[in-house]
Amino acid sequence: MDANTMMREQTKEISTFTTQTIIRRWGNSQGIRLSKEVLSQMDLKEDDTIGISIYNGKMTIEKVNKPKYLNLAERLETFYKRPIDEIYVESTQEVDVGDPVGNEIW
């Protein structure tokens, strides 16, 4: 691989995309719309989570890769950093809170 080819490949990895948009009212807040091009460049789609950082007056938006949990057990194991069978549970008994006092229907 010659030096020119290496330079072109390195340049591909460090790409710059610049665009402008307008801040608009969105309910009681303000919002910006991201164009299809921006979403494509960032590999974003609807309902993805993003992180916004502000440093020295500059805003950076990054895609947040949330872990995917299949069920509650996996989420608890990740949070407590141990298998589900080793997680301490204070009590598994139901608690009687007394008779209904309003229009509750059970």
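Residues: numbered from 1 along the sequence shown. Values reported hereafter were calculated over all heavy atoms of this structure, with side chains retained and with hydrogens, waters and symmetry mates removed.
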Partners meeting side-chain contact (heavy atoms from CB on, under 4.5 Å) with Glu46 (sequence neighbours left out):
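With neighbours one apart ignored, the set is empty.
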
Show the nearest heavy-atom pair for residues Ile50 and Val64, with the distance to one decimal.
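Where Ile50 meets Val64 most closely, the heavy atoms are C-CG2, 3.6 Å.
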
Which pairs pass salt bridge (charged side-chain N to carboxylate O under 4.0 Å, His left out) with one or both residues in residues 94-103, sequence neighbours excluded?
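Of all non-adjacent pairs touching residues 94-103, none passes salt bridge (charged side-chain N to carboxylate O under 4.0 Å, His left out).
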
Test question: given the 4.5 Å side-chain rule for I, L, V, M, F, W and Y, name all other residues clustered with [X], or answer none.
X      : result
Leu70  : none
Val101 : none
Leu76  : Leu72, Phe79, Tyr80, Ile84, Ile87

Could you name each residue pair satisfying side chain to side chain donor-acceptor pair (under 3.5 Å) that touches residues 48-64, not counting sequence neighbours?
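Sorted pair list: Lys45-Asp48, Thr49-Lys66.
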
Quick one: side chain to side chain donor-acceptor pair (under 3.5 Å) pairs with a partner in residues 21-44, sequence neighbours left out?
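Every candidate side chain to side chain donor-acceptor pair (under 3.5 Å) pair involving residues 21-44 fails, so no pair, neighbours aside, qualifies.
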
